[in-house]
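Accompanying notes for the structure given below.
All values reported here derive from a predicted model rather than from experimental measurement.
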Amino acid sequence: MPTVMSSAITRIEWDSGTLSIWFRESGRFDYYGVPEAVYRAFLAASSKGAFFNDHIRDRY
């Protein structure tokens, strides 16, 4: 379970298309149908919050 350096996100996990994100303020949220490539790009992104806003929010 990768912990990440982010002001908004503490942890990111992916399992069989389900992306789980732990936000500092609001806890865990699950996003369904997320490709593994998106998960890997999310982990590699320099800004997790910007990546979330641009590639995950309102898409899954």
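- Listed for the W14 side chain is a donor-acceptor partner under 3.5 Å among the backbone atoms of V34.
- The ring-ring contact (aromatic ring centres under 6.0 Å, His included) test with Y31 singles out one residue from Y39, Y60, F52, and that residue is F52.
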Could you pull out every donor-acceptor pair under 3.5 Å between side chains of residues 41-51 and any protein atom, sequence neighbours left out?
{"unit_1": "S47", "atom_1": "OG", "unit_2": "A50", "atom_2": "N", "d": "3.2"}
{"unit_1": "K48", "atom_1": "NZ", "unit_2": "L43", "atom_2": "O", "d": "3.0"}
{"unit_1": "K48", "atom_1": "NZ", "unit_2": "A45", "atom_2": "O", "d": "2.6"}

Donor-acceptor pairs under 3.5 angstrom involving side-chain atoms of residues 19-26: please list them, not counting sequence neighbours.
{"unit_1": "S20", "atom_1": "OG", "unit_2": "R28", "atom_2": "NH2", "d": "3.2"}
{"unit_1": "S20", "atom_1": "OG", "unit_2": "D30", "atom_2": "OD1", "d": "2.6"}
{"unit_1": "R24", "atom_1": "NE", "unit_2": "S6", "atom_2": "O", "d": "3.0"}
{"unit_1": "R24", "atom_1": "NE", "unit_2": "S7", "atom_2": "O", "d": "3.3"}
{"unit_1": "R24", "atom_1": "NH2", "unit_2": "S6", "atom_2": "O", "d": "2.8"}

